[in-house]
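Since the model is a prediction, treat every value here as computed from it, not as a measurement. Just so you know, these numbers use all the heavy atoms, side chains as well, and skip hydrogens, waters and symmetry mates. The first residue in the sequence is number 1, and the count goes up from there.
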Amino acid sequence: DLHRKLRRATENTPGWVSISVVDLSGTQLLNTYKEFGSPLESYENESFFQEVLQTRLPAISNFRIGPDTQQKVLSVAVPISFLGELSMVM
């Protein structure tokens, strides 16, 4: 399952805290820091997420306190396209 595979990737990559998959409205579909099916916060108002939607290019956040970890984090958002159309952000 995707959640388990992505969680394993974070566990095997020093410095990575989590991987999130987010739909175009900003709703997280998956977050490896939390158990699958747990409630997840929205990315709708995050500037780095909005930048990906506008430019269709990867974006990096400023350092911020992660809502889940309560630690200083840096987010890297990458557009995911299907058949040439932006479909989600990871």
For this session: Measure the CZ-CG distance between Phe36 and Leu29 for me, rounded to the nearest 0.5 Å.
Result: 9.0 Å
Exercise. Looking at CD1 of Ile19 and NE2 of His3, how far apart are the two atoms once the value is rounded to the nearest 0.5 Å?
Worked result: 10.0 Å
Problem set entry | Heavy-atom closest contact (Phe49 atom, Leu24 atom, distance) | CZ-O, 3.8 Å
For this session: Check whether any side-chain N or O of Thr10 sits under 3.5 Å from a backbone N or O of Ser18 as a donor-acceptor pair, and report yes or no.
Result: no
Exercise. Hey, quick one: are Met90 and Leu2 part of the same hydrophobic cluster, counting side-chain heavy atoms closer than 4.5 Å, chains of contacts allowed?
Worked result: yes
Exercise. So how far is it from Glu11 CD to Trp16 CH2, rounded to the nearest 0.5 Å?
Worked result: 12.5 Å
Exercise. With distance as the sole test, does Thr27 use its side chain to make a donor-acceptor pair with the main-chain N or O of Asp23 at under 3.5 Å?
Worked result: no
Output side-chain donor-acceptor pairs under 3.5 Å for residues 54-69, partner residues at least two apart or in another chain, one line each.
unit_1	atom_1	unit_2	atom_2	d
Thr55	OG1	Glu51	O	2.8
Thr55	OG1	Leu57	N	3.1
Arg56	NH1	Leu53	O	2.0
Ser61	OG	Ser75	N	2.8
Arg64	NH2	Ser75	OG	2.6
Asp68	OD1	Lys34	NZ	3.2
Asp68	OD2	Asn31	ND2	3.2
Thr69	OG1	Gln71	N	3.1

Problem set entry | Joint cluster assignment, Val89 & Tyr43, ILVMFWY side-chain distance < 4.5 Å | yes
Check: residues 78-88 side-chain donor-acceptor pairs under 3.5 Å, at least two apart:
unit_1	atom_1	unit_2	atom_2	d
Ser87	OG	Ile80	O	3.1

Exercise. For Ser47, which residues count as a side chain to side chain contact (heavy atoms under 4.5 Å, CB included) partner, sequence neighbours excluded?
Worked result: none
Exercise. In the single-linkage hydrophobic clustering (I, L, V, M, F, W, Y; side-chain heavy atoms under 4.5 Å), do Val73 and Tyr33 co-cluster?
Worked result: no
